[in-house]
Enquirer: 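Okay, handing you the structure first.
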Amino acid sequence: MRLRPFSWLPRRGEPPDDLYGRAASDLTEQGWRPLRECLFATPDLLPTLLDQRERRWVSAFGEGPVALWANRPAGGGRFAGLRVLAVSDEARVEPLWDGAQAAGRVAQSGGERWLSLQGLVGRDPAGRMGSLEEQAQRMFERAERLLAAQGSHPREVVGLWPQGAPLALALPALTAARDGFYTRSGIRSGRRLQRPPAGAFSGGEHPRAAAWLDLLAAQGPLPRAVRPAGAPSTSPACEGFSAAVVAGPLALVSAAAAEVEEGGEGLGASLLAAWRQAHDQLEAAGGDAARAGWTLCLRDPAAASAWRELVDAGSCSDQATVAVLAPPAGDDVAAEFWGLAARG
């Protein structure tokens with residue numbers, strides 16, 4: 001089974017809400033099917049996009065969840081971007097149901113199996129959300145239950161993305177819930193941490209919850225961590241995530257840009273160093289950098305402006321990069337990069 005990330009961003013002169021028709025046509029013509037789907041949009045565009053998704057996407061690929069990021073774009077204005085991790089069409093892709101709700105997708109080909117869970121929130125059986133701590137705990141317990149129902153285990157998780165808004169308030173609850181997930185599964189034993197998944201905390205906005213969870217698991221290819229010498233995985237607040245993870249045909253990476261103290265080299269230099277670190281990690285993991293899909297979470301407009309200056313100067317490329325204002329974890333972090341790439 002082959003896996004590949006795809007990104008669709010607005011083209012110059014085109015309305016920003018014309019994404020799902022183009023995406024469905026591209027995947028169908030090239031022989032791919034969606035496994036993991038993330039929609040980034042300003043809130044005013046979400047109703048139009050979700051209606052278009054129902055008409056153009058679900059009719060082509062069937063039911064499945066979409067992770068909604070109702071964020072402000074790094075460049076301002078109205079914005080919509082679609083990021084999909086797709087599998088080659090020889091694989092059988094089916095929705096993963098949790099009661100009446102599509103909570104994920106499962107792709108299988110031969111003895112290889114991939115599970116994607118998206119937008120998991122922590123409602124109780126009566127549909128109540130409860131406190132932030134309760135939401136965070138229940139969403140991880142829900143993930144464990146869904147993995148077990150598919151014959152999978154948390155140790156097979158290769159990508160983990162806990163999110164909350166506002167992140168400064170959500171981070172302690174998310175960290176405690178994630179660490180409990182690691183401890184129950186044997187990923188963490190005392191202070192010893194086995195191979196953790198790639199990923200990071202982030203502070204996006206969700207239309208219906210204060211905390212939510214996405215994850216990706218691989219059954220068949222054996223995941224392993226790749227940590228280039230001297231390269232920290234991410235900020236101290238994100239300890240417990242790998243710098244890079246390899247699982248069969250897929251590589252996942254993350255890197256953070258530190259905040260710059262007064263008198264330092266500048267925010268642009270910090271962003272550029274993180275961008276290069278992420279690409280070095282991707283190469284170390286055997287990923288195809290030319291076809292990688294990147295998500296860039298920027299803390300504030302100053303970080304967004306520094307990023308745009310790097311792109312305009314040709315120091316970085318924003319090709320296949322969704323850049324949003326979504327504060328990363330930790331006061332010392334100005335931006336965080338996540339990347340997915342096919343290997344080989």
Side-chain angles (χ1 to χ4, degrees), residues 1 3 35-36 65 67 85 87 91 94 96 98 103-120 122 136-163 173-202 211-228 232-234 238-254 281-282 284-287 329 338-343:
M1 187 191 321
L3 289 91
L35 173 64
R36 183 173 186 266
L85 178 63
V87 296
E94 297 178 344
L96 194 162
D98 187 15
R105 294 184 179 91
V106 181
Q108 183 164 353
S109 179
E112 188 177 349
R113 204 159 180 259
W114 289 79
L115 286 75
S116 172
L117 302 180
Q118 290 198 266
L120 297 185
Q137 182 66 29
R138 282 197 296 260
M139 73 186 188
F140 273 98
E141 291 172 351
R142 186 180 175 198
E144 289 179 76
R145 175 172 54 80
L146 291 170
L147 287 170
Q150 293 296 316
S152 186
H153 188 276
R155 284 193 295 269
E156 295 175 324
V157 174
V158 298
L160 186 73
W161 297 276
Q163 299 165 65
L174 293 174
T175 302
R178 181 206 61 183
D179 289 350
F181 175 77
Y182 283 179
T183 299
R184 291 189 299 274
S185 64
I187 295 173
R188 182 188 296 276
S189 178
R191 292 190 174 183
R192 186 165 180 259
L193 194 62
Q194 305 285 345
R195 183 210 56 80
F201 298 110
S202 70
W212 63 103
L213 176 67
D214 290 0
L215 67 79
L216 183 67
Q219 291 178 292
L222 181 64
R224 61 183 176 89
V226 177
R227 193 179 297 271
S233 63
T234 179
C238 289
E239 182 183 0
F241 293 106
S242 290
V245 170
V246 169
L250 190 67
L252 304 90
V253 303
S254 60
Q281 291 170 353
L282 193 65
W338 311 334
L340 294 171
R343 298 178 65 234

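Since this is a predicted model, take the numbers as computed values, not measurements. Hydrogens, waters and symmetry mates play no part in the numbers below; they use all other heavy atoms, side chains included.
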Enquirer: For Asp98, enumerate each residue passing the salt bridge (Lys or Arg N to Asp or Glu O under 4.0 Å) test, keeping only those at least two apart in sequence or located in another chain.
Expert: Arg142, Arg145
Enquirer: Just by modelled atom types, is the Gly151 backbone N or O under 3.5 Å from a matching donor or acceptor in the Gln219 side chain?
Expert: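 Yes.
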Enquirer: With sequence neighbours excluded, what pairs up with Thr183 under the side-chain contact (heavy atoms from CB on, under 4.5 Å) test?
Expert: Arg188
Enquirer: Apply side-chain contact (heavy atoms from CB on, under 4.5 Å) to Leu120 and Leu146, showing your working.
Expert: CA-CA 10 Å; Leu120 297 185; Leu146 291 170; 4.0 Å; yes
Enquirer: Taking atom CG of Leu252 and atom CD of Gln281, what is their separation to the nearest 0.5 Å?
Expert: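 Reported to 0.5 Å precision, the distance equals 11.5 Å.
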Enquirer: Tell me every residue that passes salt bridge (Lys or Arg N to Asp or Glu O under 4.0 Å) with Glu144, counting only those two or more places apart in sequence or in another chain.
Expert: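 Listed in chain order: Arg184.
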Enquirer: Given side chains that start at C-beta, do those of Leu216 and Leu35 come closer than 4.5 Å, heavy atoms only?
Expert: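 Result yes, sub-4.5 Å side-chain heavy-atom pair found.
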Enquirer: Is there a side-chain contact (heavy atoms from CB on, under 4.5 Å) between Met139 and Leu174? Walk through the geometry before answering.
Expert: CA-CA 10 Å; Met139 73 186 188; Leu174 293 174; 3.4 Å; yes
Enquirer: Identify the heavy atoms of Phe140 and Ala177 that sit nearest to each other, and give their distance.
Expert: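 Reported closest heavy-atom pair: CD1-CB, 3.5 Å.
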Enquirer: Nearest 0.5 angstrom please: Ser254 OG to Leu282 CG, how far?
Expert: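 Rounded to the nearest 0.5 Å, the OG-CG separation comes out at 11.5 Å.
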Enquirer: Quick one, His153 and Leu147 - any side-chain contact, counting heavy atoms below 4.5 Å?
Expert: no
Enquirer: So do the side chains of Leu160 and Tyr182 get within less than 4.5 Å of each other, counting heavy atoms only?
Expert: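 A side-chain contact exists here, since the closest heavy-atom pair is under 4.5 Å.
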Enquirer: Side-chain contact test, heavy atoms from C-beta onward, threshold under 4.5 Å: evaluate it for Leu85 versus Trp114 and give yes or no.
Expert: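 Leu85 does not reach Trp114 side chain to side chain.
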Enquirer: Does Arg105 reach the main-chain N or O of Pro65 with its side chain, forming a donor-acceptor pair under 3.5 Å?
Expert: yes
Enquirer: Nearest 0.5 angstrom please: Met1 CE to Arg113 CZ, how far?
Expert: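 Result: 9.5 Å between the selected atoms.
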Enquirer: So do Asp214 and Arg36 actually touch side chain to side chain, heavy atoms under 4.5 Å?
Expert: yes
